[in-house]
Amino acid sequence: MKIQFKKHSVLPGFGITLGFTLLYLSLIVLIPLSGLFFKTSQISWNEFWHIATGERVLYSYKLTFGCSLIAATINMFFGLLVAWVLVRYPFPFKKIVDASIDLPFALPTAVAGIALTDLYSVNGWIGKLLDRAHIQAAFTPLGILIALTFIGLPFVVRVVQPVLQDLDKAEEEAALSLGAGRFSTFFRVILPEIWPAILTGFTLAFARALGEYGSVIFIAGNMPMKTEITTLLIVTKLEQYDYAGATAIAIVMLLVSFALLLTINVLQWWSRSRHTFTTAQELQ
Amino acid sequence: MSIDVKNLNKKFGAFVAVNNVSFHVKTGSLTAILGPSGSGKSTLLRIISGLETADSGEIHLTGAESTYQSVKDRNVGFVFQHYALFKHMTVAENIAFGLNVRKRNREETRERVQELLHLVQLEGLDKRYPSQLSGGQKQRVALARALAPRPQVLLLDEPFGALDAKVRDELREWITHLHKETNVTTLFVTHDQHEALEIADRILVMNKGSIEQEGTALDIFDHPASHFVAQFVGETNYIEASLCEPELVCWGSFKFSVNGYKMGDKIRIYFRPNDVYVSPTPETLQVKGVITETRFRGPLIELTLDIGEDKFITALIPKGVALASGYKKGEEVFLGITAFHSFRV
């Protein structure tokens, strides 16, 4: 039986574009990743298990995934709010505010890390105020959270903004004319339509936070079992020339991240396909 | 269930969208607001619905003052040109929306949805999403959704504007049917005169933010009240002339008896193509014309006639008559005008 996966198309170039995509993906993503597995395979399964589930390593997983998840969640709400304000209301210096959203993208992460540490340390502008309320930000998990929130903000804003912009105003007006209040209109009409975008933004922010290194290491303080993130552990191992150990931890990170991202993507695909699936027969 | 609008005004910056408009829509009627684009008709409808606020004036729905009520509390059904269905909800969920936000009980809502699906002839499509419907079906869902909470009045903004000609004709017929069945006071906005003339009990003709004329289709077609109405509604010819004797307008060999004008007034005479009588022989007709073009228009034939002084007019005559007389391009005919309207320029 011949499996036909190429549909007839008027646009030429299917073969060459697919070929190039696969080649590119292999060179840039798949070969380096398989190198990771190759390197790890130099140690035995027992050794791998010992390294990947060491107490210090387990704690760093918890810290990294926990902080990334919380930071992405904060960004989801705050990013939606920022996108909403930017799309819906005219205000002075809007262009400047809009442009400054992208700063966390452009800033070298180490610079961001130093700036944040300076601000949030006990002698810093914000740290001084927090200290008065007996809250310590720098060199605690809270500091890590702040850094991860900072670098993840643009994702949600930039993904939600265009979708919000394209929203059909008439749908909102229809909801109002049908007797819905502002809240019902938002939760029943607007939110379901921008939800896939919010989820995408959340995923991107989450993925970015998982792999973050530069901005965190300054503000975290890097105390084992307290504020040590997984990426730092990997770097530490590399500095000790323990390549197999480093890749072992990296593989755990990779697999868990991949599983999480895949879950979110499936969720998203499911919510999207529910109401956009159309076939010619159904239209009659 | 009536609509009363008094001295309504609305400006957008310097642009006057609605200019001192007053009218009354009777309970249970089907009224059209007819006007070209930019005449303020949609703005007027949106002000009545509460989606837009007026600068001054009053709106009464079912006799009660509604000028300052929010859209949410006005209980009007509004249908948009591009349907504005909720894309992430099924047909049934769309129709139930107005009932759900009012917290009606489930059983009641389900029954009402079924009732409406039956009314708009979309039974069995309740689980479809809007993207799986055709344009005509979408607009019927939009109508059902607007009717579900039993609105005081139904407002339709160019309801057939986005549909193709055949579906539009079907829906037009169907909506008169629906109106008879539900008897909801309906006000609809259109730029399509055929639509207005065909289905509305009463028509308000709007131009530049003001109402030019209000009346039945017959009133408006046969007795236009202004230049604008004469030109905008139906096809028309006009010639410009002045009095040659008291109470007589002369243009070439045409003579029109009029009254109420002074010598020296510039007068425009409007007459419809179907009010032009054409004959191959002089009979009692004095005016000559030359056929410059013939055009097939289904049961009618349209003749373009050169009546001299660079003036061309059109005449519509039944196909049978045209064929029997053998009218051809370049031929000379005699013509008369059986009905006309005159306005001072």
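Chain identifiers are assigned alphabetically (A, B, ...) following the order of the sequence lines, protein sequences preceding nucleic acid strands; residue numbering begins at 1 within each chain.
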| So which part of Asn100(B) gets closer than 4.5 Å to some heavy atom of chain A, the side chain, the backbone, both or neither? | both

| field | Arg145(B), part contacting chain A, at a heavy-atom distance under 4.5 Å | value | both

| task | Identify which part of Arg188(A) has an atom lying under 4.5 Å from any heavy atom of chain B, answering side chain, backbone, both or neither. | result | both

| query | Do we see a donor-acceptor contact under 3.5 Å between the side chains of Arg140(B) and Gln137(B)? | reply | no

| So what's closer than 4.5 Å to chain A heavy atoms on Phe86(B): side chain, backbone, both or neither? | both

| field | Contacting moiety of Arg102(B), where chain A heavy atoms sit under 4.5 Å | value | side chain

| said: Could you go through Phe65(A) and Leu260(A), starting from their C-alpha distance and side-chain angles, then the distance that decides it, and tell me whether this counts as side-chain contact (heavy atoms from CB on, under 4.5 Å)? | reply: CA-CA 10 Å; Phe65(A) 282 100; Leu260(A) 279 171; 3.9 Å; yes

| said: Using heavy-atom distances under 4.5 Å, tell me whether Leu155(B) contacts chain A through its side chain, its backbone, both, or neither. | reply: neither

| said: Hydrogens and angles aside, do Ser60(A) and Thr230(A) bring a side-chain donor and acceptor to less than 3.5 Å of each other? | reply: yes

| field | Distance, nearest 0.5 Å, that separates CD1 of Ile33(B) from OG1 of Thr43(B) | value | 10.5 Å

| Ring centroid separation for Phe155(A) and Phe105(A), is it under 6.0 angstrom? | yes

| According to the interplanar angle, ranging from 0 to 90°, do the rings of Phe186(A) and Trp84(A) count as parallel (below 30°), tilted (30 to 60°) or perpendicular (above 60°)? | perpendicular

| said: Taking side chain as everything from C-beta outward and backbone as N, CA, C, O, which of these in Phe80(B) sits under 4.5 Å from a heavy atom of chain A? Side chain, backbone, both or neither. | reply: side chain

| For chain B, which of Val189(A), Leu178(A), Thr185(A) has the most heavy-atom pairs under 4.5 Å? | Leu178(A)

| query | With distance as the sole test, does Arg172(B) use its side chain to make a donor-acceptor pair with the main-chain N or O of Ile199(B) at under 3.5 Å? | reply | no

| message | Is Ala148(B) close to chain A through its backbone or its side chain, or both, or neither, when contacts mean heavy atoms under 4.5 Å? | response | neither

